[in-house]
There are 2 protein chains.
Amino acid sequence: MNINIGIADDHQLFLKSLSLLISSFSGFNIVVEAMNGKEMLDKLANLPSLPDVLLLDVNMPVMDGAKTAAAVFKLYPGVKMAALSMKDNDATIIEMLKAGCCAYLLKDIHPTELEKSLRDIHTTGQYHNDAANVNYRRLILQSEQKQTLTDREQEFLSLACSDLTYKAIAVKMNVTERTVDGYREILFNKLNVQSRTGMVLEALRRQLVSL
Amino acid sequence: MNINIGIADDHQLFLKSLSLLISSFSGFNIVVEAMNGKEMLDKLANLPSLPDVLLLDVNMPVMDGAKTAAAVFKLYPGVKMAALSMKDNDATIIEMLKAGCCAYLLKDIHPTELEKSLRDIHTTGQYHNDAANVNYRRLILQSEQKQTLTDREQEFLSLACSDLTYKAIAVKMNVTERTVDGYREILFNKLNVQSRTGMVLEALRRQLVSL
DNA sequence: CCTGATACCGGGGTTTTCCCCGGTAAAGCC
DNA sequence: GGCTTTACCGGGGAAAACCCCGGTATCAGG
(Lines give C-alpha, C1' and ligand atoms only; values in the text may rest on other atoms or scores of the structure.)
Protein backbone atom coordinates (compact mmCIF):
# COMPACT_ATOMS: atom_id res chain seq x y z
CA MET A 1 0.00 0.00 0.00
CA ASN A 2 1.50 3.26 -1.13
CA ILE A 3 1.76 6.39 0.96
CA ASN A 4 0.12 9.38 -0.72
CA ILE A 5 1.76 12.71 -0.18
CA GLY A 6 0.69 16.30 -0.74
CA ILE A 7 3.10 19.23 -0.85
CA ALA A 8 2.60 22.97 -0.54
CA ASP A 9 5.50 25.34 -1.14
CA ASP A 10 5.63 28.67 -2.88
CA HIS A 11 8.99 28.07 -4.50
CA GLN A 12 8.12 26.23 -7.64
CA LEU A 13 11.57 24.87 -8.19
CA PHE A 14 11.71 23.43 -4.71
CA LEU A 15 8.17 22.13 -4.97
CA LYS A 16 8.83 20.24 -8.18
CA SER A 17 12.24 19.01 -7.09
CA LEU A 18 10.94 17.74 -3.79
CA SER A 19 8.02 16.15 -5.53
CA LEU A 20 10.38 14.23 -7.77
CA LEU A 21 12.57 13.25 -4.83
CA ILE A 22 9.70 11.86 -2.80
CA SER A 23 8.33 10.05 -5.85
CA SER A 24 11.68 8.32 -6.09
CA PHE A 25 11.26 6.84 -2.60
CA SER A 26 9.70 3.41 -3.00
CA GLY A 27 6.10 3.27 -1.92
CA PHE A 28 5.45 6.99 -2.16
CA ASN A 29 3.13 8.88 -4.49
CA ILE A 30 2.69 12.59 -4.87
CA VAL A 31 -1.02 13.20 -5.28
CA VAL A 32 -1.19 16.97 -4.91
CA GLU A 33 1.10 19.96 -5.28
CA ALA A 34 0.24 23.57 -4.44
CA MET A 35 2.02 26.92 -4.34
CA ASN A 36 0.12 28.20 -1.32
CA GLY A 37 -2.41 27.15 1.30
CA LYS A 38 -5.48 28.29 -0.57
CA GLU A 39 -4.51 26.35 -3.68
CA MET A 40 -3.94 23.30 -1.50
CA LEU A 41 -7.41 23.51 0.04
CA ASP A 42 -9.02 23.94 -3.38
CA LYS A 43 -7.21 20.93 -4.76
CA LEU A 44 -7.95 18.77 -1.72
CA ALA A 45 -11.65 19.46 -2.17
CA ASN A 46 -11.55 18.06 -5.70
CA LEU A 47 -9.40 15.04 -5.03
CA PRO A 48 -10.93 11.55 -5.36
CA SER A 49 -9.10 10.41 -2.22
CA LEU A 50 -7.22 12.39 0.38
CA PRO A 51 -3.43 12.21 0.78
CA ASP A 52 -2.03 10.42 3.83
CA VAL A 53 0.51 13.06 4.72
CA LEU A 54 0.76 16.73 3.83
CA LEU A 55 4.03 18.64 3.78
CA LEU A 56 3.39 22.30 4.42
CA ASP A 57 5.88 25.11 3.99
CA VAL A 58 5.60 27.59 6.85
CA ASN A 59 6.18 30.73 4.82
CA MET A 60 3.80 31.06 1.92
CA PRO A 61 1.99 33.95 0.27
CA VAL A 62 -1.82 34.19 0.22
CA MET A 63 -2.29 31.61 2.99
CA ASP A 64 0.58 30.61 5.22
CA GLY A 65 1.46 27.28 6.76
CA ALA A 66 -0.25 27.81 10.10
CA LYS A 67 -3.55 28.95 8.63
CA THR A 68 -3.47 26.12 6.13
CA ALA A 69 -2.70 23.52 8.77
CA ALA A 70 -5.56 24.77 10.94
CA ALA A 71 -8.00 24.66 8.01
CA VAL A 72 -6.92 21.20 6.90
CA PHE A 73 -7.11 19.90 10.46
CA LYS A 74 -10.68 21.14 10.75
CA LEU A 75 -11.87 19.83 7.39
CA TYR A 76 -9.87 16.60 7.23
CA PRO A 77 -8.72 15.60 10.71
CA GLY A 78 -7.50 12.28 9.37
CA VAL A 79 -4.81 13.85 7.22
CA LYS A 80 -1.46 13.98 8.96
CA MET A 81 0.68 17.04 8.45
CA ALA A 82 4.33 18.01 8.74
CA ALA A 83 5.60 21.56 8.75
CA LEU A 84 8.58 22.36 6.53
CA SER A 85 10.70 25.39 7.19
CA MET A 86 14.11 26.98 6.89
CA LYS A 87 14.43 28.30 10.41
CA ASP A 88 13.75 26.60 13.71
CA ASN A 89 12.02 29.41 15.49
CA ASP A 90 10.33 28.53 18.78
CA ALA A 91 7.23 30.58 18.16
CA THR A 92 6.73 29.13 14.70
CA ILE A 93 7.23 25.57 15.89
CA ILE A 94 4.51 25.79 18.52
CA GLU A 95 2.24 27.61 16.14
CA MET A 96 2.47 24.82 13.59
CA LEU A 97 2.18 22.05 16.15
CA LYS A 98 -0.84 23.67 17.73
CA ALA A 99 -2.38 24.00 14.30
CA GLY A 100 -2.29 20.23 14.05
CA CYS A 101 1.09 19.32 12.57
CA CYS A 102 2.73 16.10 13.73
CA ALA A 103 6.25 17.25 13.06
CA TYR A 104 8.41 20.21 12.25
CA LEU A 105 11.05 19.51 9.63
CA LEU A 106 13.90 21.73 8.54
CA LYS A 107 14.72 22.22 4.89
CA ASP A 108 18.26 21.09 5.40
CA ILE A 109 17.13 17.63 6.51
CA HIS A 110 18.77 14.77 4.64
CA PRO A 111 16.56 13.00 2.09
CA THR A 112 16.83 9.64 3.84
CA GLU A 113 15.82 11.28 7.09
CA LEU A 114 12.87 12.86 5.31
CA GLU A 115 11.79 9.48 4.03
CA LYS A 116 12.02 8.02 7.51
CA SER A 117 10.06 10.88 9.00
CA LEU A 118 7.30 10.54 6.42
CA ARG A 119 7.01 6.84 7.16
CA ASP A 120 6.97 7.46 10.90
CA ILE A 121 4.30 10.10 10.55
CA HIS A 122 2.21 7.87 8.34
CA THR A 123 2.37 4.83 10.60
CA THR A 124 2.69 6.20 14.13
CA GLY A 125 1.44 9.72 13.65
CA GLN A 126 4.54 11.26 15.10
CA TYR A 127 8.19 11.92 14.52
CA HIS A 128 10.89 13.61 16.48
CA ASN A 129 13.78 15.43 14.96
CA ASP A 130 16.43 17.67 16.47
CA ALA A 131 14.68 20.99 16.02
CA ALA A 132 11.52 19.56 17.49
CA ASN A 133 13.32 17.90 20.35
CA VAL A 134 13.07 21.03 22.37
CA ASN A 135 10.93 20.84 25.41
CA TYR A 136 7.49 20.97 23.88
CA ARG A 137 5.75 21.24 27.20
CA ARG A 138 7.70 24.35 28.05
CA LEU A 139 7.02 25.88 24.66
CA ILE A 140 3.31 25.18 24.68
CA LEU A 141 3.10 26.37 28.27
CA GLN A 142 4.71 29.65 27.52
CA SER A 143 2.41 30.12 24.57
CA GLU A 144 -0.67 29.37 26.72
CA GLN A 145 -0.07 32.40 28.86
CA LYS A 146 -0.64 34.22 25.62
CA GLN A 147 1.14 37.47 25.40
CA THR A 148 -1.48 39.80 24.11
CA LEU A 149 -0.43 43.41 24.14
CA THR A 150 -2.65 46.24 25.23
CA ASP A 151 -3.21 49.10 22.81
CA ARG A 152 -0.74 51.34 24.59
CA GLU A 153 1.89 48.60 24.71
CA GLN A 154 1.45 47.99 20.99
CA GLU A 155 1.74 51.70 20.36
CA PHE A 156 4.91 51.91 22.41
CA LEU A 157 6.38 48.89 20.66
CA SER A 158 5.81 50.40 17.24
CA LEU A 159 7.44 53.64 18.29
CA ALA A 160 10.32 51.77 19.89
CA CYS A 161 11.09 50.24 16.49
CA SER A 162 12.77 53.42 15.34
CA ASP A 163 15.65 55.75 15.95
CA LEU A 164 13.65 57.61 18.63
CA THR A 165 14.86 57.81 22.24
CA TYR A 166 12.47 56.85 25.01
CA LYS A 167 12.21 60.53 25.87
CA ALA A 168 10.99 61.33 22.37
CA ILE A 169 8.60 58.39 22.52
CA ALA A 170 7.22 59.75 25.79
CA VAL A 171 6.48 63.05 24.07
CA LYS A 172 4.78 61.29 21.16
CA MET A 173 2.63 59.25 23.53
CA ASN A 174 1.86 62.24 25.74
CA VAL A 175 3.14 60.60 28.92
CA THR A 176 6.18 61.01 31.15
CA GLU A 177 9.42 59.17 30.67
CA ARG A 178 8.67 57.06 33.72
CA THR A 179 5.51 55.73 32.11
CA VAL A 180 7.35 54.79 28.95
CA ASP A 181 9.88 53.07 31.16
CA GLY A 182 7.01 51.03 32.55
CA TYR A 183 5.94 49.90 29.09
CA ARG A 184 9.51 49.03 28.31
CA GLU A 185 9.69 46.83 31.38
CA ILE A 186 6.41 45.08 30.53
CA LEU A 187 7.51 44.43 26.96
CA PHE A 188 10.91 43.12 28.09
CA ASN A 189 9.09 40.60 30.25
CA LYS A 190 6.51 39.62 27.68
CA LEU A 191 9.08 39.20 24.91
CA ASN A 192 11.68 37.75 27.26
CA VAL A 193 14.49 40.07 26.24
CA GLN A 194 16.85 42.40 28.07
CA SER A 195 17.64 45.17 25.64
CA ARG A 196 15.81 47.44 23.27
CA THR A 197 17.61 45.87 20.35
CA GLY A 198 16.46 42.44 21.47
CA MET A 199 12.93 43.73 21.86
CA VAL A 200 12.87 45.13 18.33
CA LEU A 201 14.22 41.91 16.85
CA GLU A 202 11.78 39.74 18.80
CA ALA A 203 8.87 41.98 17.82
CA LEU A 204 9.83 41.56 14.18
CA ARG A 205 10.14 37.80 14.54
CA ARG A 206 6.72 37.53 16.16
CA GLN A 207 5.41 39.91 13.55
CA LEU A 208 4.08 42.30 16.17
CA VAL A 209 5.52 45.07 14.04
CA SER A 210 6.70 45.16 10.45
CA LEU A 211 9.63 46.84 8.80
CA MET B 1 27.59 15.80 -25.32
CA ASN B 2 26.17 16.08 -21.85
CA ILE B 3 26.09 19.27 -19.83
CA ASN B 4 27.81 18.86 -16.48
CA ILE B 5 26.33 20.75 -13.59
CA GLY B 6 27.54 21.61 -10.10
CA ILE B 7 25.24 22.78 -7.30
CA ALA B 8 25.91 24.55 -4.02
CA ASP B 9 23.08 25.06 -1.52
CA ASP B 10 23.08 24.82 2.25
CA HIS B 11 19.65 23.22 2.47
CA GLN B 12 20.37 19.59 2.02
CA LEU B 13 16.85 18.67 1.09
CA PHE B 14 16.74 21.28 -1.65
CA LEU B 15 20.22 20.37 -2.83
CA LYS B 16 19.39 16.71 -3.24
CA SER B 17 15.95 17.35 -4.73
CA LEU B 18 17.29 19.81 -7.25
CA SER B 19 20.09 17.46 -8.09
CA LEU B 20 17.60 14.73 -8.86
CA LEU B 21 15.44 17.10 -10.88
CA ILE B 22 18.31 18.29 -13.06
CA SER B 23 19.53 14.73 -13.52
CA SER B 24 16.13 13.94 -14.92
CA PHE B 25 16.54 16.52 -17.69
CA SER B 26 17.92 14.72 -20.74
CA GLY B 27 21.55 15.51 -21.40
CA PHE B 28 22.36 16.78 -17.92
CA ASN B 29 24.70 15.31 -15.33
CA ILE B 30 25.28 16.44 -11.79
CA VAL B 31 29.00 16.19 -11.18
CA VAL B 32 29.36 18.01 -7.88
CA GLU B 33 27.19 18.95 -4.91
CA ALA B 34 28.20 21.13 -1.97
CA MET B 35 26.58 22.63 1.11
CA ASN B 36 28.62 25.84 0.99
CA GLY B 37 31.13 27.71 -1.09
CA LYS B 38 34.21 26.38 0.59
CA GLU B 39 33.09 22.79 0.10
CA MET B 40 32.44 23.56 -3.56
CA LEU B 41 35.94 24.95 -4.09
CA ASP B 42 37.48 21.95 -2.36
CA LYS B 43 35.53 19.55 -4.51
CA LEU B 44 36.24 21.42 -7.74
CA ALA B 45 39.96 21.16 -7.03
CA ASN B 46 39.70 17.38 -6.89
CA LEU B 47 37.45 16.87 -9.86
CA PRO B 48 38.84 15.09 -12.98
CA SER B 49 37.02 17.58 -15.21
CA LEU B 50 35.26 20.83 -14.40
CA PRO B 51 31.50 21.23 -14.61
CA ASP B 52 30.07 23.35 -17.43
CA VAL B 53 27.67 25.32 -15.29
CA LEU B 54 27.57 25.99 -11.56
CA LEU B 55 24.39 26.82 -9.69
CA LEU B 56 25.21 28.85 -6.60
CA ASP B 57 22.84 29.67 -3.78
CA VAL B 58 23.28 33.25 -2.64
CA ASN B 59 22.79 32.68 1.07
CA MET B 60 25.11 30.07 2.46
CA PRO B 61 27.05 29.66 5.69
CA VAL B 62 30.86 29.57 5.80
CA MET B 63 31.26 31.08 2.32
CA ASP B 64 28.37 32.79 0.59
CA GLY B 65 27.38 32.92 -3.06
CA ALA B 66 29.16 36.12 -3.97
CA LYS B 67 32.49 35.11 -2.44
CA THR B 68 32.24 31.70 -4.04
CA ALA B 69 31.41 33.12 -7.45
CA ALA B 70 34.35 35.48 -7.26
CA ALA B 71 36.71 32.69 -6.25
CA VAL B 72 35.47 30.33 -8.95
CA PHE B 73 35.69 33.05 -11.58
CA LYS B 74 39.29 33.70 -10.66
CA LEU B 75 40.35 30.05 -10.53
CA TYR B 76 38.24 28.69 -13.37
CA PRO B 77 37.12 31.52 -15.66
CA GLY B 78 35.73 29.01 -18.14
CA VAL B 79 33.08 27.75 -15.74
CA LYS B 80 29.75 29.51 -16.21
CA MET B 81 27.75 30.35 -13.15
CA ALA B 82 24.15 31.11 -12.25
CA ALA B 83 23.04 32.58 -8.95
CA LEU B 84 20.06 31.00 -7.23
CA SER B 85 18.08 32.87 -4.63
CA MET B 86 14.73 33.32 -2.94
CA LYS B 87 14.55 37.07 -3.09
CA ASP B 88 15.19 39.36 -6.01
CA ASN B 89 17.08 42.00 -4.16
CA ASP B 90 18.73 44.63 -6.31
CA ALA B 91 21.93 44.79 -4.31
CA THR B 92 22.33 41.02 -4.32
CA ILE B 93 21.69 40.72 -8.04
CA ILE B 94 24.41 43.16 -8.99
CA GLU B 95 26.77 41.64 -6.47
CA MET B 96 26.38 38.21 -8.01
CA LEU B 97 26.57 39.46 -11.58
CA LYS B 98 29.67 41.47 -10.83
CA ALA B 99 31.20 38.41 -9.21
CA GLY B 100 30.94 36.68 -12.57
CA CYS B 101 27.51 35.04 -12.69
CA CYS B 102 25.77 34.87 -16.06
CA ALA B 103 22.29 34.83 -14.62
CA TYR B 104 20.25 35.35 -11.50
CA LEU B 105 17.53 32.76 -11.02
CA LEU B 106 14.77 32.76 -8.44
CA LYS B 107 13.89 29.64 -6.51
CA ASP B 108 10.33 29.78 -7.66
CA ILE B 109 11.35 29.37 -11.29
CA HIS B 110 9.53 26.61 -13.14
CA PRO B 111 11.62 23.47 -13.80
CA THR B 112 11.24 23.71 -17.57
CA GLU B 113 12.39 27.32 -17.41
CA LEU B 114 15.37 26.23 -15.33
CA GLU B 115 16.26 23.66 -17.95
CA LYS B 116 16.03 26.28 -20.68
CA SER B 117 18.13 28.73 -18.71
CA LEU B 118 20.82 26.13 -18.06
CA ARG B 119 20.99 25.30 -21.77
CA ASP B 120 21.14 28.98 -22.70
CA ILE B 121 23.89 29.64 -20.22
CA HIS B 122 25.84 26.65 -21.44
CA THR B 123 25.61 27.51 -25.12
CA THR B 124 25.40 31.30 -25.28
CA GLY B 125 26.83 32.21 -21.91
CA GLN B 126 23.84 34.28 -20.98
CA TYR B 127 20.19 34.14 -20.06
CA HIS B 128 17.60 36.72 -19.21
CA ASN B 129 14.75 36.14 -16.89
CA ASP B 130 12.25 38.51 -15.32
CA ALA B 131 14.18 39.31 -12.20
CA ALA B 132 17.25 40.08 -14.23
CA ASN B 133 15.34 42.18 -16.73
CA VAL B 134 15.63 45.18 -14.51
CA ASN B 135 17.74 48.00 -15.78
CA TYR B 136 21.22 46.70 -15.19
CA ARG B 137 22.90 49.94 -16.03
CA ARG B 138 20.95 51.73 -13.36
CA LEU B 139 21.69 49.00 -10.85
CA ILE B 140 25.39 48.89 -11.51
CA LEU B 141 25.51 52.65 -11.42
CA GLN B 142 23.84 52.87 -8.06
CA SER B 143 26.11 50.16 -6.73
CA GLU B 144 29.17 52.18 -7.67
CA GLN B 145 28.14 54.98 -5.34
CA LYS B 146 26.93 52.51 -2.76
CA GLN B 147 28.43 52.11 0.67
CA THR B 148 30.05 48.75 0.83
CA LEU B 149 30.87 47.12 4.14
CA THR B 150 34.17 45.51 4.99
CA ASP B 151 34.19 41.97 6.37
CA ARG B 152 34.68 43.16 9.92
CA GLU B 153 31.94 45.72 9.62
CA GLN B 154 29.58 43.08 8.31
CA GLU B 155 30.58 40.79 11.15
CA PHE B 156 29.97 43.52 13.71
CA LEU B 157 26.63 44.37 12.16
CA SER B 158 25.44 40.78 12.37
CA LEU B 159 26.47 40.56 16.00
CA ALA B 160 24.84 43.90 16.77
CA CYS B 161 21.53 42.45 15.62
CA SER B 162 21.09 40.63 18.89
CA ASP B 163 20.65 41.07 22.61
CA LEU B 164 24.43 41.26 23.06
CA THR B 165 26.06 44.33 24.58
CA TYR B 166 28.93 45.96 22.73
CA LYS B 167 31.22 44.60 25.42
CA ALA B 168 30.09 41.07 24.65
CA ILE B 169 30.46 41.72 20.94
CA ALA B 170 34.04 42.92 21.54
CA VAL B 171 34.82 39.61 23.23
CA LYS B 172 33.27 37.63 20.37
CA MET B 173 35.28 39.60 17.81
CA ASN B 174 38.47 39.38 19.86
CA VAL B 175 38.99 43.14 19.98
CA THR B 176 38.67 45.84 22.63
CA GLU B 177 35.50 47.78 23.34
CA ARG B 178 37.05 50.83 21.76
CA THR B 179 37.45 49.04 18.46
CA VAL B 180 33.85 47.90 18.47
CA ASP B 181 32.92 51.49 19.22
CA GLY B 182 34.76 52.43 16.05
CA TYR B 183 32.76 49.99 13.96
CA ARG B 184 29.59 51.32 15.52
CA GLU B 185 30.52 54.83 14.48
CA ILE B 186 31.34 53.77 10.92
CA LEU B 187 28.07 51.88 10.58
CA PHE B 188 26.07 54.80 11.99
CA ASN B 189 27.55 56.97 9.27
CA LYS B 190 27.14 54.49 6.46
CA LEU B 191 23.56 53.68 7.38
CA ASN B 192 22.80 57.25 8.37
CA VAL B 193 21.34 56.45 11.79
CA GLN B 194 22.03 57.58 15.34
CA SER B 195 21.14 54.63 17.54
CA ARG B 196 21.74 50.93 17.66
CA THR B 197 18.04 50.30 17.22
CA GLY B 198 18.01 52.42 14.09
CA MET B 199 21.06 50.62 12.80
CA VAL B 200 19.44 47.21 13.26
CA LEU B 201 16.26 48.31 11.50
CA GLU B 202 18.14 49.88 8.61
CA ALA B 203 20.33 46.80 8.24
CA LEU B 204 17.20 44.66 8.02
CA ARG B 205 15.62 46.97 5.47
CA ARG B 206 18.73 46.92 3.29
CA GLN B 207 18.93 43.19 3.79
CA LEU B 208 22.46 43.42 5.10
CA VAL B 209 21.34 40.99 7.78
CA SER B 210 18.33 38.72 8.06
CA LEU B 211 16.12 37.84 10.97
C1' DC C 1 57.87 57.33 -0.93
C1' DC C 2 53.46 58.75 -0.18
C1' DT C 3 48.50 58.09 0.02
C1' DG C 4 44.43 55.63 1.02
C1' DA C 5 42.10 51.96 3.04
C1' DT C 6 41.79 48.79 6.75
C1' DA C 7 42.19 47.08 11.45
C1' DC C 8 43.13 48.24 15.72
C1' DC C 9 43.55 50.85 20.33
C1' DG C 10 43.63 54.59 24.95
C1' DG C 11 41.15 57.85 27.66
C1' DG C 12 37.92 61.05 28.52
C1' DG C 13 33.11 62.71 28.45
C1' DT C 14 27.55 63.00 28.18
C1' DT C 15 23.22 60.87 27.28
C1' DT C 16 20.31 56.99 27.16
C1' DT C 17 18.99 52.75 28.70
C1' DC C 18 18.05 49.67 32.16
C1' DC C 19 16.45 48.35 36.77
C1' DC C 20 14.96 49.00 41.18
C1' DC C 21 12.04 51.30 45.23
C1' DG C 22 7.63 53.26 45.73
C1' DG C 23 2.87 55.28 44.50
C1' DT C 24 -2.50 56.97 42.50
C1' DA C 25 -6.71 56.67 39.74
C1' DA C 26 -10.27 54.66 36.93
C1' DA C 27 -12.90 50.95 34.84
C1' DG C 28 -14.88 46.37 34.85
C1' DC C 29 -16.43 42.21 37.19
C1' DC C 30 -18.61 38.90 40.51
C1' DG D 1 -17.64 45.92 48.60
C1' DG D 2 -13.33 43.70 47.23
C1' DC D 3 -10.46 42.22 43.10
C1' DT D 4 -8.08 42.73 38.74
C1' DT D 5 -6.46 45.13 34.94
C1' DT D 6 -4.89 49.14 32.80
C1' DA D 7 -2.86 53.63 32.64
C1' DC D 8 -0.14 56.54 34.80
C1' DC D 9 3.71 58.66 37.78
C1' DG D 10 8.41 60.18 41.20
C1' DG D 11 13.16 59.42 42.23
C1' DG D 12 17.62 57.37 42.30
C1' DG D 13 21.43 54.67 40.68
C1' DA D 14 24.31 51.45 37.77
C1' DA D 15 25.34 50.07 33.19
C1' DA D 16 25.30 50.62 28.42
C1' DA D 17 25.37 53.35 24.54
C1' DC D 18 26.92 57.27 22.31
C1' DC D 19 30.51 60.78 20.93
C1' DC D 20 34.62 63.14 21.02
C1' DC D 21 40.06 63.78 21.31
C1' DG D 22 44.03 61.30 19.99
C1' DG D 23 47.11 57.34 18.27
C1' DT D 24 49.83 52.79 15.69
C1' DA D 25 50.51 49.18 12.14
C1' DT D 26 49.87 46.90 7.79
C1' DC D 27 49.13 46.43 3.09
C1' DA D 28 48.16 47.70 -1.77
C1' DG D 29 48.84 50.94 -5.50
C1' DG D 30 50.25 55.15 -8.03
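Residue numbers start from 1 in every chain, and the chains themselves are labelled A, B, ... in the order their sequence lines are given, proteins ahead of strands. Treat the numbers as computed from the prediction; the structure is a model and nothing was measured. Side chains included, hydrogens not; waters and symmetry mates left out as well; all remaining heavy atoms used.
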Out of [options], which has the shortest distance to the side chain of [X]?
| X | options | answer |
| --- | --- | --- |
| Thr179(A) | dA7(C), dC8(D), dA7(D) | dC8(D) |
| Val175(B) | dC8(C), dA16(D), dC8(D) | dC8(C) |
| Thr150(B) | dT6(C), dA16(D), dC8(C) | dT6(C) |

Looking at [X], I want to see if its [atom1] is surrounded by more than 12 non-hydrogen atoms of other residues, nucleotides or ligands under 6.0 Å.
| X | atom1 | value |
| --- | --- | --- |
| Phe73(A) | CZ | no |
| Asn2(B) | CG | yes |
| Asn192(B) | CG | no |

Between [N] atom [atom2] and [X] atom [atom1], what is the distance in whole Å?
| X | N | atom1 | atom2 | value |
| --- | --- | --- | --- | --- |
| Leu164(B) | dT17(C) | CG | C1' | 17 Å |
| Asp163(A) | dT16(C) | CG | P | 12 Å |
| Glu177(B) | dG11(C) | CD | C1' | 13 Å |
| Asp151(B) | dA5(C) | CG | P | 17 Å |
| Glu153(B) | dC8(C) | CD | P | 11 Å |

To the nearest 10 degrees, what angle separates the axes at the start and end of the helix from dC1(C)-dG30(D) to dC30(C)-dG1(D), five pairs each?
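Both end axes considered, the difference amounts to 40°.
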Taking 4.0 Å as the cut-off, does a side-chain nitrogen or oxygen of Thr176(B) come that near to OP1 or OP2 on dC9(C)?
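For dC9(C), OP1/OP2 do have a side-chain N/O of Thr176(B) under 4.0 Å.
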Using a cut-off of less than 4.0 Å, is there contact between a side-chain N or O of Tyr183(B) and OP1 or OP2 of dC8(C)?
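Yes.
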Does the Lys NZ or Arg CZ of [X] fall within the cation-pi geometry relative to [Y] - under 6.0 Å from the ring centre and within 45° of the axis?
| X | Y | answer |
| --- | --- | --- |
| Arg196(B) | Phe188(B) | no |
| Arg119(B) | Phe28(B) | no |
| Lys107(A) | Phe14(B) | no |

Each nucleotide of nucleotides 24-29 of chain D classed B (base within 4.0 Å of a protein heavy atom), S (only sugar-phosphate) or -, in 5' to 3' order, makes ------
Per-nucleotide protein contact string for nucleotides 18-25 of chain C (B base, S sugar-phosphate only, - none; heavy atom under 4.0 Å):
BBBBB---
So, for Ala99(A) and Ala66(A), which heavy atoms are closest and what is the spacing to 0.1 Å?
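Heavy atoms of Ala99(A) and Ala66(A) come nearest at CB-O, 3.7 Å.
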Could you point out which residue of Glu39(A), Met35(A), Lys38(A), Lys67(A) forms a side-chain contact (heavy atoms from CB on, under 4.5 Å) with Val62(A)?
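Running side-chain contact (heavy atoms from CB on, under 4.5 Å) over Glu39(A), Met35(A), Lys38(A), Lys67(A) with Val62(A) returns exactly one hit, Lys38(A).
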If only atom types and distance count, is the side chain of Ser17(A) paired as donor or acceptor with the main-chain N or O of Leu13(A) below 3.5 Å?
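Pair found, side chain donor or acceptor close to backbone of Leu13(A).
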Is Glu153(A) paired with Lys190(A) through a side-chain N to carboxylate O contact shorter than 4.0 Å?
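Judged by the 4.0 Å cut-off on N to carboxylate O distance, Lys190(A) and Glu153(A) do form a salt bridge.
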Side-chain donor-acceptor pair present, Gln194(A), Asp163(B), cut-off under 3.5 Å
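A pair is found: one side chain offers a donor N or O, the other an acceptor, under 3.5 Å apart.
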